[in-house]
Amino acid sequence: MFKCIFREGNVYKCLLNGEWIESKTGQRDQIFSPTDGALVGEVQAISKEEANHFVLSAQAAQKAWAKVPVTERAAVVHKAAEILEREKETIADILVKEIAKNKKSALSEIMRTADLMHFTAEEGKRVTGESLSSDVFPGYSEKKLLIVNRVPLGVVLCISPFNYPVNLAASKIAPALVAGNSVVFKPPTQGAIAALYLARVFCEAGVPPGVLNVLTGQGREIGDYLVSHSGINMIAFTGSSKVGKHIATLAGMKPLLLELGGKDAAIVLPDADIQAAAKHIVAGAFSYSGQRCTAVKRILIIESVANPLIDALLPLVKKLTVGKPENNADITPLISNAAADYVQELIDDAIGKGAKLLTGNQREKNLMYPTIFDSVTREMRLAWEEPFGPVLPIMRVKNANEAIQIANESEYGLQTSVFTSNIDQAFEVAEKLEVGTVQINSKTERGPDHFPFMGVKSSGLGTQGIRYSIEAMSRSKAIVLNFK
Ligand code: NAP
Ligand code: G3H
């Protein structure tokens with residue numbers, strides 16, 4: 001059980017300079033369960049004036065933290081991972097209530113995060129500099145020796161989305177800390193309680209006061225203020241392309257790591273193992289009810305194998321259970337009624353324009369049944385927009401080239417899957433796709449978490465993934481020794 005008090009009853013506090021505090025304004029946000037509307041808890045609505053203190057505290061603590069040997073910084077991250085493992089049941093139950101993630105997936109998010117933190121702690125010790133001698137460049141003697149070290153950036157602002165409140169927070173906080181930065185962490189409002197549990201974990205592990213400050217409050221109220229604050233040296237953001245692009249316009253010269261939206265396609269070629277492709281596609285499209293940036297969000301299928309693929313998909317989709325996260329249903333309520341309304345808009349638009357409904361289009365408030373459409377065309381919004389819900393459009397194409405063309409027409413460029421038994425063709429297609437990652441014969445997905453993860457176009461900027469995140473959160477610092 002947690003030893004320190006970071007909440008009183010249902011009221012959760014923020015972490016400022018090692019103390020758990022409430023907003024002096026008395027303002028709070030109430031967090032309701034997406035499943036039954038029950039109050040999960042209240043979090044502080046920190047004002048801009050108060051937010052300033054979180055940044056100043058992180059600035060004041062950073063230089064001393066950077067001087068702590070990396071082995072000690074890594075030990076704190078290892079300890080936090082152990083506490084997280086110990087508290088997995090408590091935090092998983094919060095995820096179930098707060099974001100309607102089923103218990104199995106909630107536990108898996110937490111255990112994956114503990115692994116990520118251990119791995120980050122180890123990788124932090126292996127980030128080294130280099131030395132270069134001048135004589136290899138024309139016109140220079142050997143009398144210059146360059147030593148390059150990696151140094152922290154300063155204060156990293158971490159902003160995470162609702163769908164992985166623990167994992168997508170720790171995947172920013174842990175590399176930032178191990179690299180010697182201090183952190184200001186703003187969690188999503190829906191997801192803030194689970195994120196505060198994570199903050200509590202780092203605190204108990206011995207992160208010194210000020211090195212990790214955590215503030216809650218609506219992004220639209222305090223986001224711009226934090227992003228533009230001169231005390232912030234780097235921003236690591238995961239969330240929608242809309243907010244990501246807005247942050248980029250405000251950030252000025254601050255380095256950015258942006259992981260944004262996606263419209264990942266699964267391209268199925270005629271020689272693919274259709275049964276295997278169907279299994280991957282269903283898992284990829286419908287886990288956490290499609291609320292993953294990497295969810296399979298459209299199928300591009302060559303006409304000749306469209307019917308066999310549909311025949312393989314439908315029984316799998318019909319087996320998905322729909323209901324409450326507490327009962328480990330596969331499909332659970334979406335994060336809000338507004339999110340479900342948006343998915344419904346895309347469904348209605350597709351039906352209105354002649355898409356063929358194969359299954360689904362059933363709804364109980366924000367609980368949307370898994371839905372598949374055949375014969376989706378370029379004129380339909382579902383072909384291009386990210387539903388972030390359990391709806392999967394099938395677009396029939398003539399050949400691989402047309403599939404590549406439609407995949408690349410997207411404003412997004414996160415991942416694409418290619419299913420084929422011809423490895424040469426797989427590489428040929430992969431090379432033409434404008435995305436961060438191509439998955440051959442598997443669903444689109446981020447993990448394992450030490451793999452680089454990046455999007456192009458509206459899907460992001462920079463590369464995350466354990467070593468890549470540490471590199472993004474540090475910079476080269478060169479010292480040249482000039483000798484006689
Ligand atoms: P979102 O609405 O963009 O929110 C993300 C975070 O940004 C939240 O913490 C939010 O706070 C905050 N925020 C809102 N306005 C802000 C502002 N002006 N300045 C700074 N921060 C601000 O995204 P979401 O609905 O939580 O997540 C779903 C989206 O994230 C989808 O598009 C999905 O594809 C994308 N996503 C991408 C990845 C990836 O790795 N590529 C991973 C996960 C999710 P509040 O909650 O207080 O509004
Ligand atoms: O929602 C976006 C996450 O980065 C996706 O991660 O592929 O492990 O579910 P995942």
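All values derive from a computational prediction rather than experimental measurement. Both ligands and their constituent atoms are indexed starting at 1 by order of listing.
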Exercise. Looking at atom 46 (O) of ligand 1, what's its closest protein heavy atom, distance included?
Worked result: T189 N, 2.9 Å
Exercise. Would R7 count as a cation-pi partner of Y197, with NZ or CZ less than 6.0 Å from the six-membered ring centre and within 45° of the ring normal?
Worked result: no
For this session: For atom 39 (C) of ligand 1, find the nearest protein heavy atom and state the residue, atom name and distance (0.1 Å precision).
Result: C293 SG, 3.1 Å
Exercise. So is I159 polar-close to ligand 1, meaning N/O to N/O under 3.5 Å?
Worked result: no
Exercise. Does N163 reach the side chain of Q190, with side-chain heavy atoms less than 4.5 Å apart?
Worked result: no
Exercise. With backbone taken as N, CA, C and O and side chain as the heavy atoms from C-beta onward, which portion of H246 lies under 4.0 Å from ligand 1: side chain, backbone, both, or neither?
Worked result: side chain
For this session: With rounding to the nearest 0.5 Å, note down the distance linking CG in L256 to CD1 in I235.
Result: 5.5 Å
Problem set entry | Close side-chain approach of N181 to N233, heavy-atom, < 4.5 Å | no
For this session: Starting from atom 27 (O) of ligand 1, locate the nearest protein heavy atom and write down its residue, its atom name and how far away it is, to 0.1 Å.
Result: P161 CB, 3.5 Å
Exercise. What atoms in ligand 1 come closer than 4.0 Å to a heavy atom of Q218?
Worked result: 47 (O)
For this session: Report yes if some N/O of D224 lies less than 3.5 Å from some N/O of ligand 1; otherwise report no.
Result: yes
Problem set entry | Min heavy-atom dist Y164 to ligand 1 below 4.0 Å | no
For ligand 2, output the ligand-protein N/O contacts shorter than 3.5 angstrom; if there are none, return none.
residue: ligand 2; atom: 1 (O); partner: N163; partner atom: ND2; Å: 2.7
residue: ligand 2; atom: 1 (O); partner: C293; partner atom: N; Å: 2.7
residue: ligand 2; atom: 4 (O); partner: R446; partner atom: NE; Å: 2.7
residue: ligand 2; atom: 6 (O); partner: R446; partner atom: NE; Å: 3.0
residue: ligand 2; atom: 6 (O); partner: R446; partner atom: NH2; Å: 3.4
residue: ligand 2; atom: 7 (O); partner: R292; partner atom: NH2; Å: 3.1
residue: ligand 2; atom: 7 (O); partner: T294; partner atom: OG1; Å: 2.6
residue: ligand 2; atom: 7 (O); partner: R446; partner atom: N; Å: 2.8
residue: ligand 2; atom: 8 (O); partner: R112; partner atom: NH1; Å: 2.8
residue: ligand 2; atom: 8 (O); partner: R112; partner atom: NH2; Å: 2.9
residue: ligand 2; atom: 9 (O); partner: Y164; partner atom: OH; Å: 2.4
residue: ligand 2; atom: 9 (O); partner: R292; partner atom: NE; Å: 2.7
residue: ligand 2; atom: 9 (O); partner: R292; partner atom: NH2; Å: 3.3

Exercise. Would you say ligand 1 has an N or O under 3.5 Å from any N or O of L414?
Worked result: no
For this session: Compute the minimum heavy-atom distance from S160 to ligand 1 and say whether it is under 4.0 Å.
Result: yes
Seminar exercise, completed: among protein heavy atoms, the one nearest atom 3 (O) of ligand 1 is S240 OG, 2.6 Å
Problem set entry | Ligand-residue contact atoms, ligand 1 with N163, heavy atoms, under 4.0 Å | 43 (C), 44 (C)
Problem set entry | Those atoms of ligand 1 less than 4.0 Å from some heavy atom in L168 | 42 (C), 43 (C)
Exercise. Going by an N to O cut-off under 4.0 Å, is there a salt bridge joining R200 and E87?
Worked result: no
Exercise. Got V156 and S182 here, is their nearest side-chain heavy-atom distance under 4.5 Å?
Worked result: no
For this session: Could you check if a side-chain atom of F388 sits within less than 4.5 angstrom of a side-chain atom of V343, using non-hydrogen atoms only?
Result: no
Seminar exercise, completed: So the atoms of ligand 1 within less than 4.0 Å of a heavy atom of K186 turn out to be 9 (O), 11 (O), 45 (P), 47 (O)
Problem set entry | Side-chain donor or acceptor of N366 paired with backbone N/O of L334 under 3.5 Å | yes
For this session: Using a 4.5 Å cut-off on heavy atoms from C-beta on, say whether the side chain of F6 contacts that of C203.
Result: no
Seminar exercise, completed: If we number the atoms of ligand 1 from 1 as shown, the ones under 4.0 Å from a heavy atom of G223 are 17 (C), 19 (N), 20 (C)
Exercise. For Y412, is the NZ or CZ atom of K263 found under 6.0 angstrom from the centre of its six-membered ring and inside 45 degrees of the ring axis?
Worked result: no
Problem set entry | Element-labelled atoms of ligand 1 that are located less than 4.0 Å from some non-hydrogen atom of I247 | 20 (C)
Exercise. Can E22 and R28 be counted as an ion pair, charged N to O under 4.0 angstrom?
Worked result: yes
Exercise. Are the side chains of K186 and I222 in touch, meaning some heavy atoms are under 4.5 Å apart?
Worked result: yes
Problem set entry | Heavy atom of A192, distance to ligand 1 below 4.0 Å | no
For this session: Verify whether one side chain among E50 and S47 offers a donor that lies under 3.5 Å from an acceptor in the other.
Result: yes
For this session: Can you pull out the closest protein heavy atom to atom 26 (O) of ligand 1? Residue, atom name and distance to 0.1 Å, please.
Result: F162 N, 3.2 Å
Problem set entry | Residue part near ligand 1, for I335, under 4.0 Å between non-hydrogen atoms | neither
Exercise. Can you name the residues that form a side-chain hydrogen bond (donor to acceptor under 3.5 Å, both in side chains) with T377, not counting sequence neighbours?
Worked result: E379
Exercise. Does the protein put any heavy atom within less than 4.0 Å of atom 11 (O) of ligand 1?
Worked result: yes
For this session: State the atoms of ligand 1, each with its element, that fall below the 4.0 Å cut-off from a heavy-atom position in G217.
Result: 47 (O)
For this session: Among all protein heavy atoms, pick out the one at the shortest distance from atom 42 (C) of ligand 1; state its residue, atom name and that distance to 0.1 Å.
Result: T238 CG2, 3.0 Å
Exercise. Does any donor atom in the side chain of E82 or H118 lie under 3.5 Å from an acceptor atom in the other side chain?
Worked result: no
Exercise. At what distance is the nearest protein heavy atom to atom 35 (C) of ligand 1, and which residue and atom is it?
Worked result: G239 O, 3.1 Å
For this session: Looking only at distances, please establish whether an N/O atom of ligand 1 is found under 3.5 Å from an N/O atom of E386.
Result: yes
Exercise. Do F388 and ligand 1 have an N or O pair less than 3.5 Å apart?
Worked result: no
Problem set entry | Test item: side-chain donor near acceptor, K245 and S458, under 3.5 Å | yes
For this session: Verify the neighbour count for atom CZ of R378: are there more than 12 heavy atoms of other residues, nucleotides or ligands below 6.0 Å?
Result: yes
Seminar exercise, completed: When distances are taken from atom 48 (O) of ligand 1, the protein heavy atom at minimum range is G219 N, 3.7 Å
Exercise. Quick one: does S241 get a heavy atom under 4.0 Å from ligand 1?
Worked result: no
Exercise. Under 6.0 Å from the NZ atom of K24, do we count more than 12 heavy atoms belonging to anything else shown?
Worked result: no
Exercise. Looking at side-chain heavy atoms only, is the closest gap between D273 and F419 below 4.5 Å?
Worked result: no
Problem set entry | Numbering as shown, the atoms of ligand 1 that approach P187 to under 4.0 Å (heavy-atom distance) | 9 (O)
Exercise. Can any side-chain N or O of S417 pair as donor or acceptor with the backbone N or O of A266 at less than 3.5 Å?
Worked result: no
